[in-house]
Amino acid sequence: FFFSSRRRHTRYGTVTGVQTCALPIFFIQGDEGIAQLFGLQEGARVFHLDTLVATDEVLPKASTRMGEVLTLDTHVRPQIAWVTIGGVVLAKSEGKPLMGAGVEAKYRQSQGKLGALVKAFAPGILKGAKQIAFDIASQNALSLIVQVEEKSGGKYNAVVQVKGGAERSEVVLNLADFKPAQDSKDNNDHLDTDQIFQVVLIDLTGATEAVDRENTLWINHLRALFGK
């Protein structure tokens with residue numbers, strides 16, 4: 001963790017501190033084997049933060065709901081609302097191979113290593129959801145774990161086969177079909193949609209194939225579907 005307690009007086013008020021959290025810490029503390037797959041190591045880090053500005057401007061909504069569809073990332077905010085693990089580099093994307101705004105992930109697929117994208121959101125907004133859906137394209141074919149995580153420690157997975165050739169496809173998954181992950185720590189062994197707080201997309205290629213190549217992955221229209 002990094003914490004700064006310096007006081008700064010601005011026309012918007014007094015900023016007393018900034019706190020950030022290093023996400024890889026959770027993987028290292030949770031499972032050493034998983035940390036190795038993602039290339040995470042414990043140790044000192046130097047974190048540089050520049051041009052921190054506080055304003056009274058209201059950011060556009062990160063998620064919107066229209067009827068039975070809840071869009072989990074509108075991609076309209078200036079910053080990317082995803083976190084990556086395993087050397088994945090993110091950038092905003094627009095247009096082909098997908099349609100509309102999204103994220104582009106560049107990383108290396110290599111044996112014994114994994115890459116992941118994480119999208120967090122407010123717990124409770126998926127209460128009653130029946131499906132998770134998104135659009136995806138990949139330079140190389142891959143097996144993708146789609147994992148939903150609960151605040152209580154539960155982790156539930158579904159596996160998707162993604163075509164190569166940067167071909168766009170739509171993925172729609174029934175939450176009722178998700179299975180507990182090996183490292184799931186759920187107290188009732190049941191996926192509770194009101195407890196889901198993030199979706200994790202994990203490229204399994206490095207765990208299943210002897211490869212060493214660059215890949216580009218595009219994701220957009222991550223959404224939850226409600227209804228009957």
Return the NE2 to CG distance between H190 and N188, rounded to the nearest 0.5 Å. 6.5 Å

Just to verify, what does S63 make a side chain to side chain donor-acceptor pair (under 3.5 Å) with, not counting sequence neighbours? none

Non-neighbouring partners of Q109 that pass side-chain contact (heavy atoms from CB on, under 4.5 Å), sequence neighbours left out: Y107, N140, L142, D203, T205, V211, R213, N215

Name the atoms and distances for all side-chain donor-acceptor pairs under 3.5 Å in residues 160-175, with sequence neighbours left out.
unit_1 : atom_1 : unit_2 : atom_2 : d
Q161   : OE1    : S143   : OG     : 2.9
Q161   : NE2    : S143   : OG     : 3.3
R168   : NH2    : D135   : OD2    : 3.3
E170   : OE2    : R223   : NH2    : 2.5
N174   : OD1    : Q131   : NE2    : 2.8
N174   : ND2    : D177   : OD2    : 3.4

I'd like to check N157 versus Q147 (side-chain heavy atoms, cut-off strictly below 4.5 Å). Are they in contact? yes

Counterpart residues, side-chain contact (heavy atoms from CB on, under 4.5 Å), relative to R77 (two or more places apart): L59, P60, A62, Q79

Separation of L217 CG from L117 CG (nearest 0.5 Å): 6.5 Å

Rounded to the nearest 0.5 Å, the CH2 atom of W82 sits from the CG atom of L72 at a distance of 8.5 Å

Just verifying a value: how many Å separate I219 CD1 and I136 CD1, rounded to the nearest 0.5 Å? 3.5 Å

Taking every heavy atom of F178 against every heavy atom of L191, the minimum-distance pair comes out as CB-CD2, 4.3 Å

Pairs meeting criterion salt bridge (charged side-chain N to carboxylate O under 4.0 Å, His left out) with involvement of residues 191-201, two or more places apart: none

Running the 4.5 Å side-chain criterion over Ile, Leu, Val, Met, Phe, Trp and Tyr, what cluster does V89 land in, apart from itself? none

For E214, give me all partners under side chain to side chain donor-acceptor pair (under 3.5 Å), at least two apart in sequence or on another chain. R108

Taking all heavy atoms of I132 and all of L222, pick out the closest pair and write down the distance. CG2-CD1, 4.2 Å

On a heavy-atom basis, which atom in A116 and which in V88 lie closest, and how many Å separate them? N-CG2, 3.9 Å

Contacts of type side-chain contact (heavy atoms from CB on, under 4.5 Å), residue A137, not counting sequence neighbours: P97, L98, W218

Please answer whether the main-chain N or O of M99 pairs with a side-chain N or O of N220 as donor and acceptor at a distance below 3.5 Å. yes

By side-chain contact (heavy atoms from CB on, under 4.5 Å), S110 pairs with (sequence neighbours left out) K113, D212

Closest non-hydrogen atom pair between K119 and A81, with its separation: CD-O, 3.2 Å

Using the salt bridge (charged side-chain N to carboxylate O under 4.0 Å, His left out) rule, collect all pairs that involve residues 89-100, keeping only residues at least two apart or in two chains. none

